[in-house]
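Working notes for the structure below.
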Amino acid sequence: MRIATWNVNSVRARADRVVAWLERTGTDVLAIQETKCADDKFPYSVFEAAGYEVAHTGFHQWNGVAVLSRVGLADVEPAFPGQPGYGDEPAIEARALGATCDGVRIWSLYVPHGRSPDHPHYTYKLRWLEQLRTAAAAWHDADPQAQIALLGDWNVIPLDTDVYDVADFAGHTHVTPAEREAFFAFEQAGYTEVSRVHVPAEHTYTYWDYQQLAFPKNRGLRIDFAYASPALAARVEGVRIDREERKGKGASDHVPVILDLENR
DNA sequence: ATGCCCAGAACCTCTGGA
């Protein structure tokens, strides 16, 4: 089985490109982030015509996450237990969606950006990651054999070698010790970040800004990751970062991360 | 080469993204 995660930066602007990619790569399950649309504007029919079931949560033009599957889609949850809200009257945002696809519990995750280390969005980001880790630990404790995939745009640069020049991020989000600690805490919860295991090369990126020739100059960031529970990690045969997908007109600023699982 | 911000809402220019 082939599963993947991709921040598509608007599903309506890129639906045809996503379908073409699904068919070209033979991907069975895709977690997508930043759909940037409300549920009633999601282009369901484009994906259904290609043979995929769709689960989506989106309230307006921001955030939005989905799971597409051609191997079954069940037990959809539009948020994780304890997921924090944001704002003066805290509201749950469309940043997490869970669904079970052929025995694998898939979570499509769009971690809050943080804006800047002195912004309320930053403390929200840390709280969000901590609550997700708490939920993920509980899932694993409840069933140590569960196959769980935490897939998405984590908005954290875990290592200095995950960015073209870490000095450019001094004073910014994504590289602070608290964010990195929150990211690596998933290891203590029993999860393994399998893209690092299979693609360990330094300066391997998943995102390049649209501005200032970032992609041709390879000024990118590695911020899209796949944490797997032990039972799922043992099943991962390979991981690929599809850098080709950043090329050409109409590309997202992120590229897909693909996991190949041993067939059961 | 991959090419010098993009998408959405609204209809002008802001918000958010990193």
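In the text below, chain A, chain B and the rest are named by the order of the sequence lines, each starting its count at 1. Here the structure is a predicted model, which is why all the values come from computation and not from measurement.
- Regarding A:H113, its NE2 atom lies at a distance of 6 Å from the P atom of B:dG17, rounded to whole Å.
- Annotation: proximity of residues 153-166 of chain A to DNA chain B (heavy atom, distance under 4.0 Å) is found for A:D153, A:N155, numbered in ascending order.
- In this structure, OH of A:Y207 is placed 9 Å from C1' of B:dC5, rounded to the nearest angstrom.
- Comparing the P positions of B:dG3 and B:dA7 gives a spacing of 14 Å, expressed to the nearest Å.
- Residues in residues 121-143 of chain A take part in these salt bridge (charged side-chain N to carboxylate O under 4.0 Å, His left out) pairs, two or more places apart or across chains: A:K125-A:E179.
- Residue contacts for A:E34: at a heavy-atom cut-off of 4.0 Å it reaches the sugar-phosphate backbone alone, with no base atom in range.
- Spacing between atom CD of A:E93 and atom C1' of B:dG16 amounts to 11 Å, rounded to whole angstrom units.
- Separating the OH atom of A:Y124 from the C1' atom of B:dG17 is a distance of 15 Å, rounded to the nearest angstrom.
- Listed by first then second residue, pairs satisfying ring-ring contact (aromatic ring centres under 6.0 Å, His included) with a partner in residues 238-264 of chain A read A:Y207-A:H254, not counting sequence neighbours.
- Computed from coordinates, the A:Q211 CD to B:dA18 P distance equals 13 Å when rounded to whole Å.
- Applying the 4.0 Å criterion to OP1 and OP2 of B:dG17, one finds that A:H254 has every side-chain N and O outside that range.
- The separation of B:dC5 from B:dA18, taken at their C1' atoms, amounts to 12 Å, rounded to a whole angstrom.
- Between A:D209 atom CG and B:dG16 atom P the separation is 17 Å, expressed in whole Å.
- Scanning for ring pair (Phe, Tyr, Trp, His ring centres under 6.0 Å) contacts around A:H113 gives A:H174, with sequence neighbours left out.
- Partners of A:K217 under the side chain to side chain donor-acceptor pair (under 3.5 Å) rule, at least two apart in sequence or in another chain, do not exist in this structure.
- Listed by chain and number, the residues in a side chain to side chain donor-acceptor pair (under 3.5 Å) with A:R17 are A:E245 (sequence neighbours excluded).
- Here the P atom of nucleotide B:dC4 and the CH2 atom of A:W208 are 16 Å apart, to the nearest Å.
- Sorted by first then second residue, the side-chain hydrogen bond (donor to acceptor under 3.5 Å, both in side chains) pairs that include residues 226-239 of chain A, not counting sequence neighbours, are A:Q147-A:R235.
- At the heavy-atom level, A:Y205 lies nowhere under 4.0 Å from the strands shown.
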Would you tabulate the nitrogen or oxygen pairs shorter than 3.5 Å linking the protein to nucleotides 6-8 of chain B?
unit_1	atom_1	unit_2	atom_2	d
B:dA7	O3'	A:S10	OG	3.0
B:dG8	OP1	A:S10	OG	2.5

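- Rounded to whole Å, atom C1' of B:dA18 lies 13 Å from atom NE2 of A:H121.
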List, with names and distances, any nitrogen or oxygen atoms from the protein found under 3.5 Å away from nitrogen or oxygen atoms belonging to nucleotides 1-3 of chain B.
unit_1	atom_1	unit_2	atom_2	d
B:dG3	OP1	A:G248	N	3.3

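- OP1 or OP2 of B:dG17 sits under 4.0 Å from a side-chain N or O of A:R95.
- For the pair A:R246 and A:F215, the cation-pi test (distance below 6.0 Å, angle within 45°) is passed.
- Among the nucleotides B:dC5, B:dA9, B:dG17, the one closest to the side chain of A:Q212 is B:dC5.
- Summarising the hydrophobic clusters (Ile, Leu, Val, Met, Phe, Trp, Tyr; side-chain heavy atoms under 4.5 Å, direct or chained), the residues clustered with A:I32 are A:W6, A:V8, A:V11, A:V18, A:V19, A:W21, A:L22, A:L30, A:F42, A:Y44, A:V46, A:F47, A:Y52, A:V54, A:L68, A:I258.
- Within the 3.5 Å criterion, the main-chain N or O of A:A13 finds a donor-acceptor partner in the side chain of A:S10.
- Under the 3.5 Å distance criterion, the side-chain polar atoms of A:S252 are matched with a main-chain donor or acceptor of A:N7.
- Pairs of residues two or more places apart, or lying in two chains, that qualify as ring-ring contact (aromatic ring centres under 6.0 Å, His included) and include a residue from residues 89-111 of chain A are A:W107-A:W139.
- Among the atoms of the strands shown, none is found under 4.0 Å from any heavy atom of A:F169.
- Counting only residues at least two apart or in different chains, side-chain hydrogen bond (donor to acceptor under 3.5 Å, both in side chains) contacts with residues 58-68 of chain A comprise A:N63-A:R95.
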